[in-house]
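A quick note: this is a predicted structure, and the numbers were derived from the prediction, not measured. No hydrogens, no waters, no symmetry mates; every other heavy atom, side chains included, goes into these values.
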Amino acid sequence: MIQKIADNIYSPLGPTTDSNYLAVYKGRSMLRKYDGGMLGVPEPFTASLFDWPAVESAEGCTPFERIAIASIDRALARADVDVRSEGLLFILSTTKGNVGLLGSGHPVAPRVALGAAAQHIASCFGFRRQPLVVSNACISGLSAQLMALRLLEGGYCDTAIVCGADVLSRFIVSGFGSLKALSPVECRPFDIERCGLNLGEAAATIIYRSSSYVGFGNEDEDEAMWVCAGGAVRNDAHHVSAPSPKGEGCYMAIRAAMGDLSADSLAFVNAHGTATLFNDEMESVALARAGLLGVPVNSLKGYYGHTMGAAGVLETILSMRAVDRGNILGTRGFHELGVSNPISVSATNSPTTKQSFLKLLSGFGGGNAAMVFERIEKI
């Protein structure tokens, strides 16, 4: 059995998982309107950004590397892990990494290559094995976790550190802007007045280990552990940037991830929920096709924006913490349903006693990912 032994969320809302959970539970967000000039883009944009002078520094590291290192360091502090072990594998999830260095002529510009950035981060901790990089657009965070689980199950490693991270740059903001996907105001997932997404910066780390290796190894005092009950990635090959109107890829990923699990077992579905017209509609179609209309649905993008390579890791961790606390987190910005299928969007925090949830992500290139996580009692 593969279990989570530690985690961390490092975001503009706070440097720890607990501080982030408390902020979200209280309805806080760091989404703000910024002058486009700060990144060299022609129009203002709304996003959740770090206050960089307040972010701890790491000598010789870029902003992207700094937040990844900060998150990994905090996660490692919560777990009994030998960073020099040959059985330890580091997997980096990111969409663009150091892309802001492109063409800069900066001495560390070669680390615009994702593998070079991952190796630099690994060297800061003394990890001995060559790191792996997962860069699969917006589904990277779940793709990386699935890779970790399969490598652990196959005996390729005994401990896997998965860190998802991204920061904003002119390249990223102008790219989403060119698609007319950005909302000038705070995003409203699944709402009838939604008009696009916001972007966000964050790093999030989750550490997995085979329970047969060293017992539980979790420094948390909780008498339960988190495991993956199923997961899948499917590609609908519909369009380079637009999702399938039939929700085909998302539906296939849900069906494969759920297996024989029933909808009644789920506390909620944590959707991708970007607040774009097409994504939210597509997810509603997929959820309807999968028979999940009666399951509560939430999106966390109204608190963080879309954190790209960090999203799948960050939103998994936060959803785990919510179930630990017996809560379904509300969808910030949602007021009135604006999709064609009557999904049960949770507008406000609500209680739950169920112990599992379904996490969804969708991304450019037709990628769709789904994972089911379950909280089980330790034996």
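- Put simply, Val167 and Leu199 are part of two different groups of oily side chains (I, L, V, M, F, W, Y) that touch within less than 4.5 Å, one to the next.
- Taking a cutoff of 4.0 Å between a charged side-chain nitrogen and a carboxylate oxygen, Arg129 and Glu86 do not qualify as a salt bridge.
- In this structure, Arg289 satisfies the cation-pi test against Tyr251, with its NZ or CZ atom closer than 6.0 Å to the six-membered ring centre and inside 45 degrees of the ring normal.
- Note on Leu266: it clusters hydrophobically with Leu287, by side-chain heavy-atom contacts below 4.5 Å among ILVMFWY residues.
- Side chains of Gln119 and Arg111 form no contact here, defined as non-hydrogen atoms less than 4.5 Å apart.
- For the pair His306 and Cys138, the minimum side-chain heavy-atom distance is below 4.5 Å.
- Atom CZ of Phe278 has 12 or fewer neighbouring heavy atoms from other residues, nucleotides or ligands inside a 6.0 Å radius.
- Hydrophobic clustering (ILVMFWY, side-chain heavy atoms < 4.5 Å, transitive): Val269 and Ile254 are in one cluster.
- Residues Leu88 and Arg128 form no side-chain contact, since every pair of their non-hydrogen atoms from C-beta on lies 4.5 Å or further apart.
- Note: the hydrophobic cluster containing Val233 does not contain Leu360 (ILVMFWY, side chain heavy atoms under 4.5 Å, direct or indirect links).
- The number of heavy-atom neighbours closer than 6.0 Å to CZ of Phe125, taken from other residues, nucleotides and ligands shown, is above 12.
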Does the pair Ser29 and Glu186 meet the rule for a side-chain hydrogen bond (donor to acceptor under 3.5 Å, both in side chains), with working shown?
CA-CA 10 Å; Ser29 171; Glu186 293 182 27; 4.8 Å; no
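- In the model, Asn298 has no side-chain atom that pairs as donor or acceptor with a side-chain atom of Thr331 under 3.5 Å.
- Taking the six-membered ring wherever Trp is involved, the centroid distance between the rings of Phe334 and Phe190 does not fall below 6.0 Å.
- Residue Leu314 forms a side chain to side chain contact (heavy atoms under 4.5 Å, CB included) with just one option from Thr205, Ile9, Thr17, and that option is Ile9.
- Counting all heavy atoms, side chain and backbone alike, Asn20 lies closest to Leu13 at OD1-CB, 3.6 Å.
- Salt bridge annotation for Arg375-Asp324: present, with a cationic side-chain nitrogen under 4.0 angstrom from a carboxylate oxygen.
- In the model, Asn98 has a side-chain atom that pairs as donor or acceptor with a side-chain atom of Thr62 under 3.5 Å.
- Met282 is listed as a side-chain neighbour of Asn279, based on a closest heavy-atom distance under 4.5 Å.
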Start with the C-alpha gap between Tyr10 and Phe50, add the side-chain angles, then the distance that decides, and say whether ring-ring contact (aromatic ring centres under 6.0 Å, His included) holds.
CA-CA 10 Å; Tyr10 191 85; Phe50 280 105; 5.6 Å; yes
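- Proximity of the aromatic rings of Tyr303 and Tyr25 is defined here by a centroid distance below 6.0 angstrom, and this criterion is not met.
- Look at Asp7 and Arg321 and you find a salt bridge, because one of the NZ, NE, NH1 or NH2 atoms lies within 4.0 Å of a carboxylate O, short of that distance.
- Side-chain contact between Phe45 and Asp35 is absent, with no heavy atoms from C-beta onward closer than 4.5 Å.
- Across all their heavy atoms, Ala288 and Asn341 have their closest contact at CB-OD1, 3.4 Å.
- Two residues are said to be in side-chain contact when any heavy atoms from C-beta on lie closer than 4.5 Å; Tyr208 and Gln145 meet this criterion.
- Using a 30° and 60° split on the angle between ring planes, Phe127 and Phe90 fall in the tilted class, from 30° to 60°.
- In this structure the side chain of Met1 reaches within 4.5 angstrom of the side chain of Ile376, judged on heavy atoms.
- The main-chain N or O of Val339 is never found under 3.5 Å from a side-chain atom of Glu281 such that the two would form a donor-acceptor pair.
- A donor and an acceptor atom, one from each side chain of Ser19 and Thr16, are located under 3.5 Å apart.
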Where do Asn8 and Ser71 land on the side-chain hydrogen bond (donor to acceptor under 3.5 Å, both in side chains) test, with the steps shown first?
CA-CA 6 Å; Asn8 171 265; Ser71 180; 2.9 Å; yes
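- A continuous path of ILVMFWY side-chain contacts below 4.5 Å connects Phe64 to Trp52, so both sit in one hydrophobic cluster.
- Salt bridge absent: Asp166 and Lys96 never bring a charged side-chain N and a carboxylate O closer than 4.0 Å.
- With Asp191 contributing its side chain and Glu336 its backbone, the two residues share a donor-acceptor pair below 3.5 Å.
- Side-chain contact between Val134 and Ile91 is present, with heavy atoms from C-beta onward closer than 4.5 Å.
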